[in-house]
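Below is one structure, written out as structure tokens, with a few remarks after it.
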Amino acid sequence: MTTAPTDSPPLLSVIVLNWNGAACLPRCMDALVSQTFSDYEVLVLDNASTDHSADGLEERWVGVRVVRFERNLGFAAANNRGAELARGRWLVFLNNDAFPQRDWLEKLAAAASAAPQYSFFASRLVYASNPEMVQATGDVVHVSGCAWPRDNGLPINQAHLEQGEVFSACAAAAMYDRSAFLQANGFDEHFASHLEDVDLGFRLRLGGCRCLYVPEAVVVHIGSASYGVESEHTVYQVQRNLIWMYIADMPGKLFWKYLPAHIFANLVFLIYYTLRGQGKAVWRAKLDALRGLRLAIQRRRLVQANRKVALEEIDRLFDHGLVSPYLLGRRGARFRTSSQSFTRQRE
């Protein structure tokens, strides 16, 4: 690891966002400083933690830069600040509850060198509670605007183990071309958290960037450590941001072509979460999304003005299954049954 700023910037800047991560941040940092790759810097962003998890980081892990925010900026805004401060050619985002294998950065750097046509890269995430089970091999986006981690809940031997193109990357452990990230204006800070990485991937896609899944770049991830798998906060954020992302990002004629699917999906989620006893969160999410329509439409004008790829290319990347977004709950149920003795948490 690069231990001090020099005139020559590092190839990679690893950005770790921390909020009350006393239980997991030390393991994350230990995994980072023991990487087989050396041309990188580590920047820890502390989102006003109250558990002293950011205390003494510079002394314990020499060379680590720490930025302490006076208030919690949220996932999107804090990481955008980190991108501005980073010095590397590539931005590597890592959640504080994610623990990369020793050759993680080496594999990402090698993939970027071997495949210069790609601008961002997805890792293979596995569950810390059960490392033989996959959490994500890139993200899938449906024509309705729904999005989910590919292969979530599958055993490793049933998941994608070959390198290949995916729609976008889960930002819990992903690498982005810094210039492309900044040109796309980074994560949308109105999203705060949840789907902000898919939205970024969508905008990068519209701008002509491509995403490569690197199966050899493996990261063990707790997941949902801050908010819970389907807490009221998570349901609210996802269900609000789902609408904003569709309005801003779905391009041209595809917007109208798939609008019925988008409306249907929102109705399904309203009914589903209401029956689960989370009606307050989901209805508030949809109402707040509608209140923010004006801003989303303004954002759409900017996003679509920068589109460089044909509609057919974007359409090719979508999942077109009629019921695929609604079968995810069944897979989740199977996952919970098969690993009921383990604990699941989020970023």
Side-chain angles (χ1 to χ4, degrees), residues 8-17 39-41 43 45 67 73-94 108-109 111-123 138-139 141 147 165-214 241 244-252 254-255 295-311 313-314 316-317:
S8 179
L11 181 64
L12 311 180
S13 291
V14 183
I15 298 173
V16 180
L17 181 61
D39 192 10
Y40 71 102
E41 64 175 353
L43 180 60
L45 313 173
V67 177
L73 301 181
F75 182 92
N79 276 317
N80 284 347
R81 303 300 173 271
E84 294 168 357
L85 295 169
R87 303 167 57 243
R89 160 78 170 78
W90 294 92
L91 301 175
V92 184
F93 293 100
L94 184 69
L108 288 177
S113 177
Q117 67 271 36
Y118 292 94
S119 301
F120 56 127
F121 297 82
S123 305
D139 286 331
V141 176
E165 188 168 7
V166 291
F167 190 94
S168 62
C170 174
M175 184 170 79
Y176 299 83
D177 180 290
R178 183 172 183 268
S179 62
F181 181 93
L182 295 177
Q183 187 173 358
N185 296 315
F187 298 111
D188 189 326
E189 297 182 13
H190 296 98
F191 278 42
S193 66
H194 298 84
L195 293 183
E196 75 294 319
D197 49 357
V198 182
D199 167 70
L200 171 62
F202 209 143
R203 287 183 281 118
L204 288 170
R205 280 288 187 180
L206 293 172
C209 296
R210 298 170 64 189
C211 183
L212 182 67
Y213 162 58
V214 186
N241 294 347
W244 286 352
M245 184 173 72
Y246 185 92
I247 291 173
D249 298 344
M250 188 63 75
L254 299 182
F255 179 94
L295 180 62
I297 293 171
Q298 291 174 347
R299 182 171 166 271
R300 175 181 178 80
R301 296 192 185 104
L302 295 174
V303 171
Q304 300 304 323
N306 293 320
R307 179 168 66 88
K308 298 178 181 178
V309 298
L311 295 180
E313 173 64 17
I314 293 296
R316 178 186 67 82
L317 297 167

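- The side-chain heavy atoms of W90 and F121, taken from C-beta on, include a pair separated by under 4.5 Å.
- The line from CH2 of W244 to CG of L195 is 12.0 Å long, rounded to the nearest 0.5 Å.
- With salt bridges taken as basic N to acidic carboxylate O contacts below 4.0 Å, one links R81 and E189.
- Between A169 and A174, the shortest heavy-atom distance links the atoms CB-CB, 3.7 Å.
- Under a 3.5 Å cut-off, the side chain of E41 and the backbone N or O of R87 do form a donor-acceptor pair.
- Residue E165 places its CD atom among more than 12 non-hydrogen atoms of other residues, nucleotides or ligands, all under 6.0 Å distant.
- Donor-acceptor pairing under 3.5 Å is lacking for the side chains of N241 and E196.
- Atom OH of Y176 sits about 11.5 Å away from atom OG of S119, to the nearest 0.5 Å.
- Between L85 and L43 the shortest side-chain heavy-atom distance falls below 4.5 Å.
- Heavy-atom minimum distance, L204 versus A180: CD2-O, 3.6 Å.
- The CZ atom of R300 sits 5.5 Å away from the CZ atom of F255 when rounded to the nearest 0.5 Å.
- Between A78 and L73, the shortest heavy-atom contact is N-CB, 4.0 Å.
- C170 and D139 get closest at one heavy-atom pair: N-OD2, 3.6 Å.
- If you take CZ on F75 and CG on D197, they are separated by 6.5 Å, rounding to the nearest 0.5 Å.
- Contact check for L45 versus V16: no side-chain heavy atoms found under the 4.5 Å cut-off.
- Classification of D199 and R299 as a salt-bridged pair holds, one side-chain N sitting under 4.0 Å from a carboxylate O.
- M245 has its side chain within reach of F191: a pair of non-hydrogen atoms, C-beta onward, lies under 4.5 Å apart.
- Taking the side chain as every heavy atom from C-beta outward, L212 and V166 never approach each other to under 4.5 Å.
- Between N80 atom CG and L200 atom CG the span is 8.5 Å, to the nearest 0.5 Å.
- Partner of L206 under the side-chain contact (heavy atoms from CB on, under 4.5 Å) criterion, chosen from K308, E313, Q304: Q304.
- Note that SG of C209 is 12.5 Å distant from OH of Y118, once rounded to the nearest 0.5 Å.
- Looking at R89 and P10, their side chains never come closer than 4.5 Å, going by heavy atoms from C-beta outward.
- Between A83 and I15 the shortest heavy-atom distance is N-CD1, 3.7 Å.
- Residues M175 and L12 form a side-chain contact, since some pair of their non-hydrogen atoms from C-beta on lies under 4.5 Å apart.
- Contact detail for A109 and L11: the closest heavy-atom pair is CB-CD2, 4.4 Å.
- Formation of a donor-acceptor pair under 3.5 Å by the R203 side chain with backbone atoms of G186 is found in this model.
- Residues Y213 and F167 place their aromatic rings such that the two centres sit no closer than 6.0 Å.
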#### Entry: CA sep, side-chain torsions, deciding dist, call: V141, L317, side-chain contact (heavy atoms from CB on, under 4.5 Å)
CA-CA 8 Å; V141 176; L317 297 167; over 6 Å; no
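- S13 contributes a side-chain N or O that, together with a main-chain N or O of G88, makes up a donor-acceptor pair within less than 3.5 Å.
- Annotation: side chain of F93 is in contact with side chain of N79 (closest heavy-atom distance under 4.5 Å).
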